[in-house]
Enquirer: 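Quick one: structure below, then a few questions.
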Amino acid sequence: MAQRKPRRTIGLILSNVTNDFSGYLIEQMEELFTANGYKLIITTTNHSIDSEREMLQMFGKTTDGILIISDAVSYSELADAIPRRIPVIFLNRKPAGCPHTCIIENNYSAIYQAVLSNSANGNDKIALVCSNREFSTTQEIVSAYRDAMNSTPIGFHEDWIYYTDTHMKGNPETLLADMIKRGCNTVLAGTQTLTRKFWDHMLIYNHDAREPVVLIGFANKDSHKQTILSFDTIAQPLQELIELSVQQMLYLINTPDKPAHEYLLKGSFRTHSINILYLDNK
């Protein structure tokens, strides 16, 4: 493949920038790409596949490579809009059938451990709240949760799973009230954004509750402060994802004919290691 004249720019396509995850990702990627002589151009799609397609086509003409966190469930939704002459890397979620390099998180083992650990400690009636049920990341969380709950005396209850749409319209107060009504004593929040939302409400609820509700949340591996305001977490490898994304993009720009790879970055279960005041990045 003939080398194009480099533009020294990288396109980053995000669903939104309203959560902590996106802010940290942008900050760190800008720093790393700048250190390597590239400018990062960021755009958001507001969860619109049509906007993703439009941005892929635009960046295909103006950048040296594209990083994307896509809302597409299937690669076929984007296939004809993907530029052919520059590298495209999918981050965090993998659309079904995607033939490009993907760098995604794998939290199955950490979630499984979190459920079993809390069940053994008496926090056994665990409700799960997570985002769009069509995303590969959500499906992995649900699968781990279902398998782990089936290994506990309480068993798996389908009606203990709650989904919010990708615009995060779920109301933690309403959801928590329904979980408690169903007999749940623990909440597993499936993203850092949901963790923060539920913690904010649970701080108030648990202050006067006869039976406080336990939280299992998501956070970055770099968050490790500990105080009395702590809870079990699924620690996500965000920094590793960022560094590998930059590394792979620079590599593929210089060796465009290399085959695609899928990289799985495993999260880990941490017991009582996160202080809400230091929750960062997702």
Side-chain angles (χ1 to χ4, degrees), residues 1-72 75 77-95 98-106 136-137 192 220-222 236-265 280-282:
M1 181 184 295
Q3 290 277 18
R4 298 192 319 168
K5 183 178 179 180
R7 298 182 172 95
R8 312 300 294 183
T9 59
I10 303 296
L12 175 62
I13 303 174
L14 302 173
S15 298
N16 66 80
V17 291
T18 59
N19 55 50
D20 301 323
F21 171 88
S22 299
Y24 186 80
L25 182 139
I26 291 170
E27 178 184 358
Q28 295 299 308
M29 278 195 174
E30 278 187 324
E31 182 176 323
L32 291 173
F33 276 122
T34 298
N36 284 278
Y38 283 83
K39 181 178 181 180
L40 186 66
I41 303 175
I42 303 111
T43 189
T44 61
T45 64
N46 195 29
H47 304 284
S48 165
I49 298 299
D50 287 339
S51 293
E52 280 190 33
R53 292 172 52 82
E54 181 181 344
M55 293 302 103
L56 284 164
Q57 292 169 336
M58 183 186 76
F59 280 161
K61 300 173 184 177
T62 58
T63 69
D64 297 308
I66 300 172
L67 296 161
I68 179 171
I69 298 180
S70 176
D71 276 10
Y75 180 73
E77 299 176 67
L78 304 173
D80 62 331
I82 300 285
R84 307 302 174 191
R85 299 188 62 201
I86 64 172
V88 178
I89 299 177
F90 285 76
L91 306 179
N92 204 39
R93 297 190 289 262
K94 179 183 179 180
C98 180
H100 297 273
T101 290
C102 297
I103 303 174
I104 55 182
E105 297 175 7
N106 184 311
S136 59
T137 45
Q192 286 191 32
N220 282 348
K221 283 184 177 179
D222 293 338
Q236 297 180 281
L238 178 55
Q239 189 62 40
E240 292 97 319
L241 182 145
I242 292 168
E243 292 174 359
L244 182 58
S245 300
V246 173
Q247 176 194 85
Q248 283 299 303
M249 178 55 70
L250 297 176
Y251 174 72
L252 291 175
I253 287 173
N254 292 307
T255 54
D257 296 321
K258 291 296 180 180
H261 290 280
E262 180 176 303
Y263 298 91
L264 297 179
L265 303 178
D280 53 359
N281 322 320
K282 200 171 180 177

Enquirer: Is the backbone N or O of K39 less than 3.5 Å from a side-chain atom of T9, with the two atoms forming a donor-acceptor pair by type?
Expert: no

Enquirer: Which residue in the set D71, I26, N46 passes side chain to side chain contact (heavy atoms under 4.5 Å, CB included) when paired with L14?
Expert: I26

Enquirer: I10 and side chain to side chain contact (heavy atoms under 4.5 Å, CB included): which partner among I66, I253, I41?
Expert: I253

Enquirer: Could you state the interatomic distance from CD1 (I86) to CE (M249), rounded to the nearest 0.5 Å?
Expert: 7.5 Å

Enquirer: In terms of relative ring orientation, are H100 and Y75 parallel, tilted or perpendicular, with 30° and 60° separating the classes?
Expert: tilted

Enquirer: If only side-chain N and O atoms count, and only distance matters, is there a donor-acceptor pair under 3.5 Å linking E243 with Q247?
Expert: no

Enquirer: Is it true that the side chains of T137 and E105 contain a donor and an acceptor less than 3.5 Å apart?
Expert: no

Enquirer: Any idea which heavy atoms bring I242 and L25 closest together, and the distance?
Expert: CD1-CA, 3.8 Å

Enquirer: If you look at every heavy atom in P87 and L252, which pair is closest and at what distance?
Expert: CB-CB, 3.6 Å

Enquirer: Looking only at atom types and distance, does a side-chain atom of R93 sit under 3.5 Å from a main-chain N or O of S136, one as donor and one as acceptor?
Expert: no

Enquirer: Looking only at non-hydrogen atoms, find the nearest pair between D64 and R7 and report the distance.
Expert: OD1-N, 2.9 Å

Enquirer: Can a donor-acceptor pair be found, under 3.5 Å and without considering hydrogens, that links the side chain of R53 to the backbone of E77?
Expert: yes

Enquirer: Examine distances only and state if a side-chain atom of S48 and a backbone atom of S51 form a donor-acceptor pair shorter than 3.5 Å.
Expert: yes

Enquirer: Do you know which two heavy atoms are closest between S245 and L91, and how far apart they sit?
Expert: OG-CD2, 3.1 Å

